[in-house]
Amino acid sequence: MTPSIPSPPTPTPPIPAAPIPSPIAIDGPAAAGKGTLARALATHFNFAHLDTGMLYRHVAYLVLQAGGNPDNEADSLQAVQKLQPFAVDEKSLRTNQIAAAAAKVAAQPQLRAKMLDLQRNFATHPPNAKAGAVLEGRDIGTIICPAAPIKLFITAQVEIRAHRRWLELKQADPSLQEAQVLAALQARDKKDFSRPVAPLKQAANALLLDTSNLAIKDVFKAALTLIEQKALEIQTAQNID
Ligand code: DC
């Protein structure tokens, strides 16, 4: 008797991926890898991307260009009237001098209030007919988009962040010392975490991702897993309601 061949098990159909709700809010300290991650996620989901730190850098740039003082809120309020986001090339805004001035400008409450609508509008009406938006900064999950369905808080040890930033910056300035970059980052962290207005903090419902020991591609993979899980939870909760 020939043994009967068992029929192969019926494959279970793959679970369709849940739609990714918008906006995705990404916060965290300087040089934690937010920017690279936010851009990669926006490309992956075909969402629009806004680096909100660039807005503060841009205002700082305009203040300095006008011969003003970034510690003086009146100067920032005057500069913000001339703000045309994305009008200045990114390279001119990515200097240590602008970073330090941006941290001062970003601590000013009236200036932050003026930036609110612009950022919220981007989140609710993403440009270029994109279906969603990824916003990155310091207060996206807490103040700009507190109802964002997906929030990530990206962090890493300060020494590791300083090392990464130093590797980046020393290409343009080979004399730059790693200790200088570390001191500048510690000073910015202090300002960002301790300022009275919109301090940097993890929103209660933000998913934490520590990138200290992760390569860029692993940060992306880990974030994608967190986002897809969260999207599925949201979809399941909607189906139950
Ligand atoms: O992310 P960045 O280094 O480009 O940010 C520049 C400065 O702006 C930094 O000191 C933090 C501040 N910032 C902020 O206060 N709120 C945001 N949403 C984004 C940046």
Side-chain angles (χ1 to χ4, degrees), residues 23-39 41-42 48-64 70-71 73 75-77 79-80 83 85-86 88-123 133-146 148 151-156 158 160-162 164-166 168-169 180-203 206 211 219:
I24 298 176
I26 304 187
D27 291 302
K34 292 187 307 288
T36 310
L37 175 64
R39 271 189 297 275
L41 290 172
H49 165 239
L50 182 63
D51 175 353
T52 62
M54 276 300 176
L55 300 174
Y56 295 99
R57 284 174 182 259
H58 200 148
V59 174
Y61 174 92
L62 292 171
V63 169
L64 295 177
D71 272 320
E73 189 163 22
D75 288 355
S76 308
L77 291 172
V80 79
L83 179 72
F86 323 116
V88 177
D89 75 293
E90 197 173 323
K91 233 173 124 203
S92 322
L93 301 179
R94 287 249 174 250
T95 66
N96 269 340
Q97 189 205 14
I98 298 290
K104 294 175 179 172
V105 158
Q108 296 161 350
Q110 290 181 60
L111 178 86
R112 295 196 78 92
K114 289 246 183 270
M115 305 284 236
L116 208 64
D117 285 350
L118 193 158
Q119 296 171 82
R120 286 190 178 155
N121 194 41
F122 188 100
V134 180
L135 283 83
E136 52 156 312
R138 304 293 189 284
D139 61 342
I140 310 299
T142 50
I143 291 175
I144 307 296
C145 304
K151 299 179 185 176
L152 298 179
F153 193 83
I154 310 296
T155 189
V158 69
I160 292 181
R161 289 187 280 126
R164 289 176 186 160
R165 187 47 59 91
W166 173 68
E168 222 174 85
L169 294 176
Q180 280 172 270
V181 180
L182 176 62
L185 262 190
Q186 283 168 327
R188 280 178 66 199
D189 274 5
K190 197 166 165 220
K191 275 208 162 69
D192 290 348
F193 279 106
S194 65
R195 67 183 176 217
V197 54
L200 169 60
K201 68 166 189 254
Q202 183 181 348
T211 71
V219 173

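We count ligands from 1, going down the list as the structure has it; atoms in each ligand are counted the same way.
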Exercise. Using salt bridge (Lys or Arg N to Asp or Glu O under 4.0 Å) as the criterion, list what pairs up with Arg112, not counting sequence neighbours.
Key: Asp139

Practice problem: State which residues pass salt bridge (Lys or Arg N to Asp or Glu O under 4.0 Å) with Arg188; sequence neighbours excluded, sorted by chain then number. | Solution: none

Quiz item: Donor-acceptor pair, Lys34 side chain versus Gly28 backbone, under 3.5 Å?
Solution: yes

Exercise. Please confirm whether the backbone N or O of Glu73 pairs with a side-chain atom of Gln110, one donor and one acceptor, at under 3.5 Å?
Key: no

Quiz item: Do any pairs count as a salt bridge (Lys or Arg N to Asp or Glu O under 4.0 Å) and have a residue in residues 49-59, sequence neighbours left out, and if so which ones?
Solution: Asp51-Arg94

Self-check item: Proximal protein residues to ligand 1, non-hydrogen atoms under 4.0 angstrom
Solution: Thr52, Gly53, Tyr56, Arg57, Ala102, Ala103, Ala106, Arg112, Gly137, Arg138, Asp139, Arg188, Asp192, Arg195

Exercise. Could you walk me through whether Asp192 and Arg138 pass salt bridge (charged side-chain N to carboxylate O under 4.0 Å, His left out), step by step?
Key: CA-CA 8 Å; Asp192 290 348; Arg138 304 293 189 284; 3.1 Å; yes

